[in-house]
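Okay, so here's the structure we're looking at.
In what follows, chains carry the letters A, B, and so on, assigned in the order in which the sequence lines appear, proteins first and then strands, with residues in each chain numbered from 1.
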Amino acid sequence: MLNQQCAVLTAIDSYIEPLINRVLSTDKFGVCCETIKIDSMSSSCGSVQGDRFKLSIPYARQNLTWNVFFDSQCPEMGPDFIFNDNTFLADMDVDALSTKVPSLAKWNPLDENALLNVLKELLSCYKQHQIQLLQKQTRLQLQYNMLISSAEVEDVEVILLPFSSKPTEVRFLISLSVDLSQLQNRTSKSESDIVMLLVTYCGVDWNRITPQLHFSKSLEETLGGTGELRLPQFPSDTSLVQYILKIKKYVAGKVNSAIQSLEKRRDYIAAFLCINHLCILEYDTINCKYVSCILCEDDFYVVMYIQLPLGFPREAPIVEFKSVYHMSSEHVPYSEKIKHYPYDFKWPPHHMIRELYKAMYQQIKIFKLNSIKNCSENHS
Amino acid sequence: MADSDFLITISGPALSLLFYENVRSTGDQMGFLLGETVEFVIKSYSDLDNQVETVKIYNNIEAVVTCPLPNSLHNSIGKINKEKLKDFLRDTSKQVIGWFRFRRNVGLIPTFRDKLLHKQFASHFCNENGSKEEFFVTCLLSSSRSSEKGTYKFKHVFLRQNREIFEPVPLRISNLGSNSFAQEGLDYKPTPTKKSSNAPDVFTSFIESLNLDLTKTSAVESAIAIQKAAEEHLSQLIPDLCKSDLEVVELERQIKEFMINKKKKVNDNSKKKIQITQSYEIEKDEYADGRQKSGKISLSKSESSDDTYQEFRTNKDHSTAISQTMASHKPKNSATYIDQNKSRRSTTNVVNSSSQEPPSINSISEMKVNITENVLSKNRRFSNMDSEIVKESICKGETNVCGVGRGRGKSTHDNSLKKARRTSGPESSEANSVPNASFQTSYNQVTKKKVDPVRKSDTTDNH
C-alpha cells in the first residue's frame, strides 16, 4: 500500500511512541498469544520520524495487515486505517460505529492505551463482520452456533478466506478450556498458556476438514511439540462440538501423562541423588529432564549424561558417556551413546539405577578403549 | 443510465491548482471540490427513425477549497461537525460537488475514515444543493518523488460510492482544442454562458461595465482595453494584498509555533495540560482579533477581485475570439488566459468564504494564507499576462504550452524561455516548497513571490 520509493524509517514520532510501545508489548491479543508486529514505517510529511506504519495483527492464525495513518501535523487526530480486507467496514453508519469503537470516537492522545483499545475494538468488529459473513454458509453457521452455545470453548475466531470474493476456506480458531493447573513447575509465563484448535473447512459443501492442535510456546516445552501429535479423526458427519469434546479428552490425557511422567522423572532423579549423591554433576530441577554424574573405573573418569524423555518411564532413559580426556573435534568431547543396558519400566527407580550402574562399569572399559583408539586415529 | 455517462470534467488550470495546493501542504491535506453538476440530454435518431435520448451527467470542477485544520471539521472517527462545516464553507457549500484527500507516498485507496466522510459529506452537501448522492465524488490524490528527486509523480483518482463499493469515475481534462462549441459542460465557452444557479455572473457584469462595442472595435483592440483596465485594477489592489498577506503569514507562523510549543509541553509533562489549554484559549482570542482585522481587508479584496475576475473573463472572451479567427495555434494561447481566469475564480471563492465567516478560527487562519498565496500568484500571473498579450499581437505563430501541460509540468518548449518559466510557475514554487518541509515555507514563498514580479518584468522587457 505504501509507495515503494518511500524511505522506510526506523524512528517513530515521539507522540505515537508510547501508544505503539503499549501495542507491541501486549502479548495476549485475541485467541492466540502472539504479539502484533510493526513494519514499513514512513512519514506523511517528509520528516525523519514516521507517522504511518503497517501492523500485522494475529487473528485466526492469519495475519491481518492494517495500515495505520497518524498525522504528525495534527497530533490530536486519532489514527486512520486501511484494512487488508476491504469488505470490512465498507459501508458503515458513523454513529453506529462510534458506539462500537468508542476509543476512536473519543480519541485521547494522552492515554497510552488509546491505540491498543482502538485495535481491540476494531478487532472485535472484525470478528462480528466475519460471523456475519458466515451467515451465508448455513452448515457452518449451524456448527458455529452450536459451538457458541456450548460451554466447552472460551473464545472462537472465525475467518473466511479469501477476502472480498466467494470464500473457499473457513477457519475456526478455538481456544479450548483445558485444566492445566496440575502441570507443575511452570514459569510465570504459564498464565498465557493456551491450547488452540484450528479447524479448517474447505472443499465442496465444506466436506474437507483439517484439524490442527496448537500449544503456546511454554506449553509446548512441557507437553512436547504439536508436530508429532496424532489427533483423533474428524469425520465430516460429526459436529464440531463433539469433536472438540474428543480433542479435550485427548489433551487431558496428554496433560495427565505429562504430569505422571514428570513425577516419575522426579522420583528417578531423587533416587539417583540418594544413591550417587557424591558424584552428581548437575540435574534439571524444573522439568527433570536430565541428570549427569561422573564415574571412575581403574582411574579412568567419564561423565555419564542421562536424558529422561517426556515418555519416561515407558521410554527408556538415553544414556551417554562423555570423555573428560578426549575431543572428537574442536570443543566437542568424545561421546558415545550406550544403547544396551538392562531396563524395565515396571522397576522402581532405585532398581533401575542400580541395574544401570552394574552394566555401566563394563561399558566404561569399552568406552575407554574406544576413546583412546579414536583419539590416536585422529592424531595419526 | 450507463455508468460511462457519468464523467468528471476539470480544466487543466483547475487541476493544476489542485495539485499546487496539494504540494504546498507539508503533510496530508483535505478540501472540497467546487463546481456544478450538469445534465445533458442528447437526442439522436437511429436508422429506424426512433428518437433516442441519452442522458449524460458531468460534474464540472471549477475550483478547490483546502481545509487547513481538518480536526475542526471532523473527529477522529470521521464524524463531521455540520455546524463548523457550514461556517467554513458558507455560500460555497451549494457548489460543493465532491471532496479530496491528498496524502504523500501512498496508493490511492480510500481509508476507513475517508469512506465514512464520503458518506456524510455526500448526504450533507446533496441535501444542500439538491443533487443526487450517487454523483458526489471523492478525489484521492497522491504525490511521490523518485529517490534522486528527479521525477515527481502525481496520481489521482475520482471515486463515487455505488452501494457499498467505491468505483472509479473517469476524469476528462477539458481542453480548448476540439469541441469548444459542444456545450458538454466544458470550461471553455466561446461566450459567457448562464450558469445553472441564478447567482449574478460577475463576468457578464464586468464586460458590461466596460461598455465595449464589440461590433465596431476590433477584437484585438477590445482585448487590449480589457487587459489594461484589469491591469490598473490589479495594481490598485497590490498594496492592500501585500499588507494582508504579511499579516496572514505572521498569524500562521504564530499558530504553528504555538502548536509546536503545545506539542512539546504535552510531551514533556502531561500534568501541565490544563494550563496549556488555557493559554491556548488566550492565543486563540488574540488570533481571532487579528483575523477580524484582516477579515475587513479581505472583504474589500473580495469585491475587487470580482472585478478583476470580470476583466479577465472579458479578456478571455476576446482572446478566444481572436484565436478562432486567427492562426491555428491561438487557442492554446487563450487557454493560458483562461488559466489565469480560472485560478482567479477560485480565489474569489476562497476570499468570499473567508471574509464572510467569523467562527472556526483555526480554519480561517489557513484560509487567509490561501488568499495570500492565490493573490500573490495572481500578481505574478497578471504580469505574465501583460507580457503575454504583447507577445500575442506580435508573434502569432508561436507555439505555446497549453493547459494540460501546465498541470503536469510538461513544458518542453526551450525556445520560449519565458513561457516555459511561466507555465512552470506553480511547479517551481512547489518544488521549492517541498524540501522546506518546516513552517518556514510560508516565508520562503512570500519572498520568492516578491522576487517573481521582478523577474517577470524582466522578461517582459526582453520583449
*Check whether B:His118 gets within reach of chain A through its side chain, its backbone, both or neither, counting any heavy atom under 4.5 Å.*
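For B:His118, neither part sits under 4.5 Å from chain A.
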
Rounded to the nearest 0.5 Å, how far apart are [atom1] of [X] and [atom2] of [Y]?
| X | Y | atom1 | atom2 | result |
| --- | --- | --- | --- | --- |
| B:Ile77 | A:Leu97 | CD1 | CG | 4.5 Å |
| B:Asp28 | A:Asp51 | CG | CG | 7.0 Å |
| A:Phe83 | B:Thr111 | CZ | OG1 | 9.0 Å |

*Name the region of A:Pro79, side chain, backbone, both or neither, that has any atom closer than 4.5 Å to a heavy atom of chain B.*
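When you check distances to chain B, only backbone atoms of A:Pro79 fall under 4.5 Å.
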
*Quick one: what part of A:Asp71 sits under 4.5 Å from any heavy atom of chain B, side chain, backbone, both or neither?*
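Contact with chain B: side chain only.
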
Shortest non-hydrogen separation from [X] to [Y] and the atoms involved:
| X | Y | result |
| --- | --- | --- |
| A:Leu89 | B:Lys115 | O-CD, 4.2 Å |
| A:Leu104 | B:Phe112 | CD2-CE2, 3.4 Å |
| B:Ile109 | A:Ile82 | O-CD1, 3.7 Å |
| A:Asp95 | B:Lys79 | OD1-NZ, 2.9 Å |
| A:Cys45 | B:Gly27 | CB-CA, 3.7 Å |
| A:Gly78 | B:Ser76 | N-OG, 2.7 Å |

*Within 6.0 angstrom of A:Lys106 NZ, more than 12 heavy atoms from elsewhere*: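 At most 12 heavy atoms, drawn from other residues, nucleotides or ligands, come within 6.0 Å of this atom.
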
*Does A:Arg208 CZ have over 12 foreign heavy atoms under 6.0 Å away?*
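No, the 6.0 Å shell around CZ holds no more than 12 heavy atoms from other groups.
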
*Quick one: does A:Met77's side chain get under 4.5 Å of B:His74's, heavy atoms only?*
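Contact flag for A:Met77/B:His74 side chains = yes.
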
_Contact check, side chains of A:Val94 and B:Ile80, non-hydrogen atoms, under 4.5 Å_ =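 The answer is no, as the side chains (C-beta and beyond) never meet within the 4.5 Å cut-off.
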
